[in-house]
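Right, one structure below, let's go through it.
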Amino acid sequence: MRDQILRILRENEGDFVSGEAISRMLDISRATVWKHVQMLQREGFVIEAVTRRGYRLTGSGDILHAALIEPLLTTHALGRNLIFLKSVPSTNGAARELAIKGCRHGTVLLTDGQTEGRGRRGRSWVSMPGKDIAMSIVLHPELDIEFASRYMVATSLGVYRLAKGLGLDPSIKWPNDVLLGGRKFCGVLFELAGDMDSLHTMIAGIGMNINTEEFPENLRETATSLRLSLGRPLPRCEVAASLLNHLEPLYDACQSGADYAALRQEYLACCGTIGQRVSVTGVRETLEGIAEGVDELGRLLVRTEEGVLHALLAGDVTLRRDAPLN
Ligand code: BTN
């Protein structure tokens, strides 16, 4: 109901809509309208309430809200159960809880502010409230666990296509970072839930810098945002919807070997890591060599100077521009 009231006020943004008109449109009492308006005000919407004139929404600006995203979706499953939380420790953590309770495939948990955002390899992830997005998608693919990497490939590609569609020139850094001008604007954290041989549940956590202009000192050299690359701010609800619209056909393609083959070729073409001299820091060791490709299981293939080919499942890549390719 609250979402419907918000939609009415959004459609008439800047103009008054009487409480009576809203109550008639939605077949609810005026007291109920007022109760929902108060809740929207608490969520951050600026809504004036004036006797005998009604309600007026002003400057909804770049507010993030499920009701503003849903009308922009062209998906069947992704985001059709869209849960927005103003703040949450980690969307991946909250999505996992929902998944355990049996939420449906494509459920999305989106927030304006994470207090304990998680990155890959135990790091933290910072996203600026009011500027960026942090979301997690619950996926229930009917596939064996060995196919998990397909969804990681698909997710980076979805982000890549989104940035490309905005007229930017992104590149993917294996495994899942998406960069603009060599700086990261999007990171992806995958978590699996299920038994050892079947892929019951997967959480795709996506953190995307959209409108941040100033990064903390430690990220200043390595991070960027869509806004910094484009030179203009973007409405976050539109970006969130567009991302889900890009991701759904890619996730669908992961279900079929033939469709996935094409998607993988596209990933390889967009992955700036391939063909480069790299240093990959894994759990136990750091390996140096030439990144020759990414195999069927999403592993980075690195050939060392001794000519040995290693297949790496995880790690942090640094490009070694200092060392020439032989
Ligand atoms: C990385 O590059 O290290 C991955 C970053 C992933 C961050 C996202 S934000 C939404 C989701 N919830 C989390 O706690 N982490 C992921």
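Any value given below was found using the heavy atoms of this structure, including those in side chains, with hydrogens, waters and symmetry copies removed. Both counts, for ligands and for their atoms, begin at 1 and track the order of listing.
Taking every heavy atom of Ala134 and a limit of under 4.0 angstrom, the matching atoms of ligand 1 come to 9 (S), 10 (C). Numbered from 1 in the order shown, with element, the atoms of ligand 1 that lie under 4.0 Å from a heavy atom of Asp177 read 2 (O). Annotation for ligand 1: atoms under 4.0 Å from non-hydrogen atoms of Met135 are 10 (C). Within ligand 1, the atoms closer than 4.0 Å to a non-hydrogen atom of Ser136 are 11 (C), numbered from 1 in the order shown.
In this structure, Lys184 counts as a contact residue of ligand 1, since one of its heavy atoms falls inside 4.0 Å of the ligand.
A salt bridge is defined here as a Lys NZ or Arg NE, NH1 or NH2 lying under 4.0 Å from an Asp or Glu carboxylate O, and Arg277 with Glu288 fails to meet this definition.
Judged purely by atom type and a 3.5 angstrom limit, Arg303 has no side-chain atom pairing as donor or acceptor with the backbone of Gly289. Proximity of a side-chain donor or acceptor of Ser136 to a complementary backbone N or O of Asn92 within less than 3.5 Å is detected.
Checked by distance only, ligand 1 and Arg123 stay at 3.5 Å or farther apart across all their nitrogen or oxygen atoms.
Among protein heavy atoms, the minimum distance from atom 3 (O) of ligand 1 is reached at Arg120 N, 2.6 Å. Protein heavy atom nearest atom 10 (C) of ligand 1, with residue, atom name and distance: Thr91 OG1, 3.1 Å. In this structure, the protein non-hydrogen atom closest to atom 13 (C) of ligand 1 is Gln114 OE1, 3.3 Å. Protein heavy atom at the shortest distance from atom 5 (C) of ligand 1 is Trp125 CE3, 3.4 Å. The protein heavy atom nearest to atom 15 (N) of ligand 1 is Arg118 O, 2.7 Å.
Side-chain contact between Ile210 and Phe185: absent, with no pair of heavy atoms (C-beta onward) separated by less than 4.5 Å.
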- [ ] Under the side-chain hydrogen bond (donor to acceptor under 3.5 Å, both in side chains) rule, what do Asp316 and Thr281 come out as? Steps first, then yes or no, please.
- [x] CA-CA 5 Å; Asp316 284 325; Thr281 308; over 6 Å; no

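Inspection of the Thr107 and Asn81 side chains reveals an N or O donor paired with an N or O acceptor under 3.5 Å.
Aromatic ring pairs are classed by plane angle as parallel below 30°, tilted from 30° to 60° and perpendicular above 60°; the pair His65 and Phe84 is tilted.
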